[in-house]
Amino acid sequence: MNILFFLTPKAEVVCIHDVDNLKTAMDMLTKDRYHSLPILNDKGYYLGTITEGDVLRVVRDKIDAMTADALEKIQVTEVPRFRDNAAVRIDADMEDLYGKIEQQSFVPVLDDQKFFIGIVTRKDVFRYLRKKVSAIPKG
């Protein structure tokens with residue numbers, strides 16, 4: 001099966017850009033109630049993933065100096081990230097996707113030139129697998 005079956009297109013994915021600041025990241029995470037966001041550059045390349053935990057660690061470590069103005073001066077790419085969500089290429093097989101989706105809530109998908117084209121969510125893969133299991137005759 002082709003992983004494109006599961007793809008949420010880039011146009012439907014909430015992303016943050018490398019030039020955005022920490023306050024913007026916090027606002028997006030809060031507003032959209034996501035736990036993590038893909039980071040893209042101005043050309044559309046996937047640079048990594050910023051999580052709520054990454055943001056909290058920055059705030060914890062710099063709490064004495066934190067103000068709204070200070071948060072606006074920190075770009076999201078300056079935030080130390082615990083781990084980035086590993087991406088797959090558009091031609092990846094399902095085994096590669098399963099290996100990654102076990103470890104992360106979404107898998108970024110890149111085209112042949114490494115441009116971000118969307119994500120595959122764990123939820124969509126589980127829904128697909130649940131349908132497959134339900135279709136198996138019982139007994």
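For the pairing with F126, the side-chain contact (heavy atoms from CB on, under 4.5 Å) check across K123, R122, R130 returns one residue only, R122.
The distance from the CZ atom of R81 to the OG atom of S36 is 12.0 Å, given to the nearest 0.5 Å. To the nearest 0.5 Å, atoms CD1 (I119) and CG (L7) are separated by 8.5 Å. Taken to the nearest 0.5 Å, the CD atom of Q75 stands 11.0 Å off from the CG atom of L22. In this structure, CG in L56 is found 7.5 Å from CE in M26, a value given to the nearest 0.5 Å. Taking CG of L47 as the start and SG of C15 as the end, the distance is 11.0 Å to the nearest 0.5 Å.
I3 and V107 fall within the same hydrophobic cluster, defined by Ile, Leu, Val, Met, Phe, Trp and Tyr side-chain heavy atoms under 4.5 Å apart, directly or through other members. Both F6 and I117 are members of a single hydrophobic cluster when ILVMFWY side chains are connected at heavy-atom separations under 4.5 Å.
Side chains of D27 and T24: a donor-acceptor N/O pair is absent below 3.5 angstrom, by distance only.
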ask   = Should Q104 and T49 be marked as a side chain to side chain contact (heavy atoms under 4.5 Å, CB included) after you check the CA-CA gap, both sets of side-chain angles, and the distance that decides it?
value = CA-CA 11 Å; Q104 48 199 60; T49 308; over 6 Å; no
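For F116 and Y45, the distance between ring centers is not under 6.0 angstrom.
The minimum heavy-atom distance linking I90 with V109 is given by the pair CA-CG1, 4.0 Å.
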